[in-house]
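Only a predicted model underlies this, so the values are computations on that prediction, with no experimental measurement involved.
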Amino acid sequence: MKKFLILFLLLSSVGFAQNFNSYKYAMVPAKFSFFREENTYNLNMLTKMYLQKYGYETYYNNDVAPDEFVISNCNKIYIDVLENNNTFTTKLKVVVKDCKGTIIATSEEGTSREKEYEVAYNLALRMAFDNFGILKTHKFQQTEKSLGLIGEPAQNIQQEAPVKIEDKINFPAYNSSEWTYVVKSEINGYMITDSANPKFYLQLLKTNNPLIFIGKSERGNGVVTLKKDHMIYEYYENNMLISMQLMVKI
């Protein structure tokens, strides 16, 4: 029975390692939820450095990232840090999630009794990462998952009414029976508004790929992919991936 248990634990460990090895990328938040400012005490930068040390190509969630990173949500792991402090001790855990928000690994708790906050948080986070064996053994192996070909959440497609594009150079208003889109060029991209619906706007921020934009709107931040005669705006709403097709061409 004891031998069986040891064998089961070894097989489980190998399975987890293989699962993590299929990820090339890691995403780190620019700000942790228990702080008000980005990169407080340099913890986010420290987290990014550890992920890079362990072989992940790592970006903040507000970085302009390469095409392969942004075109799929499931080709990366998502890193978070959780705080569990008490009066005398700083306690931090590193949490790893997949694209569906499922926790796939959690580190042992890193602790520090240092009185100075910056020192305590850095020591606790370093301890959590140094003891996180599943990340330390990471060796990327390309699979269908690493390419984003499997594992994507189901999409909820919302179709907008088609519009007629007449002039791509002057960015005119695009009219249909229901929508009136106006596209304006900006320094970092474009702004799309709907004159018939003042609440609708979609800001497109340029990336290194002219067909991929970072999309910002009242619905949420996401990714915009340009197609031949339309664009796809993808974002998360209540942990569900929403994919909206807009019949607008720029």
Side-chain angles (χ1 to χ4, degrees), residues 9 12-13 15-63 65 69-70 72-140 145-146 151-153 220-223 235-241:
L9 291 175
S12 298
S13 177
F16 268 114
Q18 290 175 343
N19 183 43
F20 272 73
N21 289 343
S22 66
Y23 292 102
K24 179 180 179 180
Y25 299 104
M27 178 180 285
V28 174
K31 180 182 77 69
F32 293 127
S33 60
F34 47 90
F35 288 126
R36 294 182 178 180
E37 303 293 333
E38 292 186 2
N39 197 33
T40 302
Y41 303 142
N42 291 318
L43 294 185
N44 303 78
M45 182 176 68
L46 181 62
T47 299
K48 186 176 181 180
M49 289 173 61
Y50 263 100
L51 269 297
Q52 291 172 332
K53 175 184 176 181
Y54 294 154
Y56 292 92
E57 191 171 328
T58 309
Y59 299 90
Y60 294 126
N61 60 340
N62 59 0
D63 276 344
F69 181 86
V70 299
S72 172
N73 292 303
C74 290
N75 64 356
K76 63 185 76 70
I77 55 173
Y78 296 78
I79 307 299
D80 198 6
V81 173
L82 303 181
E83 179 189 58
N84 185 33
N85 297 348
N86 59 32
T87 305
F88 302 105
T89 309
T90 299
K91 302 179 181 181
L92 298 177
K93 280 186 177 182
V94 179
V95 174
V96 182
K97 299 180 181 180
D98 63 15
C99 60
K100 298 180 181 179
T102 303
I103 295 176
I104 54 178
T106 304
S107 74
E108 295 181 13
E109 198 167 61
T111 63
S112 174
R113 298 178 67 87
E114 290 286 339
K115 294 181 180 180
E116 186 178 342
Y117 286 141
E118 183 170 1
V119 175
Y121 274 101
N122 271 267
L123 288 176
L125 186 59
R126 288 177 183 274
M127 181 184 293
F129 270 111
D130 287 338
N131 295 324
F132 207 169
I134 193 67
L135 288 183
K136 295 171 70 173
T137 59
H138 169 256
K139 293 182 180 179
F140 173 63
K145 179 185 288 185
S146 69
E152 292 285 1
N221 297 338
V223 177
Y235 61 96
Y236 274 93
E237 185 176 285
N238 297 324
N239 293 322
M240 177 178 291
L241 180 64

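- Contact between Met27 and Asn61 at its shortest, heavy atoms only, is SD-CB, 3.7 Å.
- Side-chain contact between Phe129 and Val94: present, with at least one pair of heavy atoms (C-beta onward) separated by less than 4.5 Å.
- Between the OG1 atom of Thr90 and the CD atom of Glu116 there is a distance of 11.0 Å, given to the nearest 0.5 Å.
- Every side-chain hydrogen bond (donor to acceptor under 3.5 Å, both in side chains) that Tyr59 has, sequence neighbours left out, goes to Glu57.
- Applying the salt bridge (Lys or Arg N to Asp or Glu O under 4.0 Å) definition to pairs two or more places apart or across chains, none involves residues 103-115.
- Applying the side-chain hydrogen bond (donor to acceptor under 3.5 Å, both in side chains) rule to Asn62 yields the partners Glu38; only residues at least two apart in sequence or on another chain are considered.
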Dump the intermediate steps for side-chain contact (heavy atoms from CB on, under 4.5 Å) on Leu125 and Val81, then the final yes or no.
CA-CA 8 Å; Leu125 186 59; Val81 173; 3.9 Å; yes

Apply the test side-chain contact (heavy atoms from CB on, under 4.5 Å) to residues Thr106 and Ile103: give CA-CA distance (whole Å), side-chain angles for both, the deciding distance (0.1 Å), then the verdict.
CA-CA 7 Å; Thr106 304; Ile103 295 176; 3.5 Å; yes

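- With rounding to the nearest 0.5 Å, the separation of NZ in Lys31 from CZ in Arg36 is 10.0 Å.
- Residues forming a salt bridge (Lys or Arg N to Asp or Glu O under 4.0 Å) with Asp63 (at least two apart in sequence, or on another chain): Lys48.
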Yes or no on side-chain contact (heavy atoms from CB on, under 4.5 Å) for Asn75 and Lys24, after CA distance, side-chain angles and deciding distance?
CA-CA 7 Å; Asn75 64 356; Lys24 179 180 179 180; over 6 Å; no

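- Contacts of Asn42 classified as side-chain hydrogen bond (donor to acceptor under 3.5 Å, both in side chains), with partners at least two apart in sequence or in another chain: Asn39.
- Between the Asn85 side chain and the Lys91 main chain, a donor and an acceptor come within less than 3.5 Å of each other.
- Evaluation of the ring pair (Phe, Tyr, Trp, His ring centres under 6.0 Å) rule for Tyr54 yields Tyr50 as partners, not counting sequence neighbours.
- No side-chain heavy atom of Lys93 sits less than 4.5 Å from a side-chain heavy atom of Asn84.
- For the ring pair (Phe, Tyr, Trp, His ring centres under 6.0 Å) test, residues two or more places apart in sequence or in another chain that qualify with Phe35 are Tyr41, Tyr121.
- Contact record, Ile79 with Ala26: CG1-CB, 4.5 Å, taken as the closest heavy-atom pair.
- With hydrogens and angles disregarded, a donor-acceptor distance shorter than 3.5 Å links the side chain of Thr40 to the backbone of Glu37.
- Considering every non-hydrogen atom in both Tyr56 and Leu135, the closest pair reads OH-CD2, 3.7 Å.
- The two residues Ala30 and Tyr60 come nearest to each other via the heavy atoms CA-CD2, 4.2 Å.
- With hydrogens and angles ignored, the 3.5 Å screen pairs no side-chain donor or acceptor of Asn131 with any backbone N or O of Gly110.
- Under a cut-off of 6.0 angstrom, the local environment of CZ in Phe34 is crowded, with over 12 non-hydrogen atoms contributed by other residues, nucleotides or ligands.
- When the ring pair (Phe, Tyr, Trp, His ring centres under 6.0 Å) test is applied to Tyr78, no partner is found at least two apart in sequence or on another chain.
- Screening residues 117-135 for salt bridge (Lys or Arg N to Asp or Glu O under 4.0 Å) gives no qualifying pairs among residues at least two apart or on separate chains.
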Give the C-alpha distance, both sets of side-chain angles, the deciding distance and a yes or no for side-chain contact (heavy atoms from CB on, under 4.5 Å) between Leu51 and Ile77.
CA-CA 10 Å; Leu51 269 297; Ile77 55 173; 4.2 Å; yes

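- Listed by chain and residue number, nothing satisfies the side chain to side chain contact (heavy atoms under 4.5 Å, CB included) test with Ser33 (two or more places apart in sequence, or in another chain).
- Cation-pi check for Lys76 over Tyr23 is not met; the charged atom does not lie both under 6.0 angstrom from the ring centroid and within 45 degrees of its normal.
- Taking every heavy atom of both residues into account, Tyr236 and Cys99 meet most closely at OH-O, 3.1 Å.
- The backbone N or O of Thr47 lies less than 3.5 Å from no partner atom in the side chain of Asn44, so there is not a single donor-acceptor pair.
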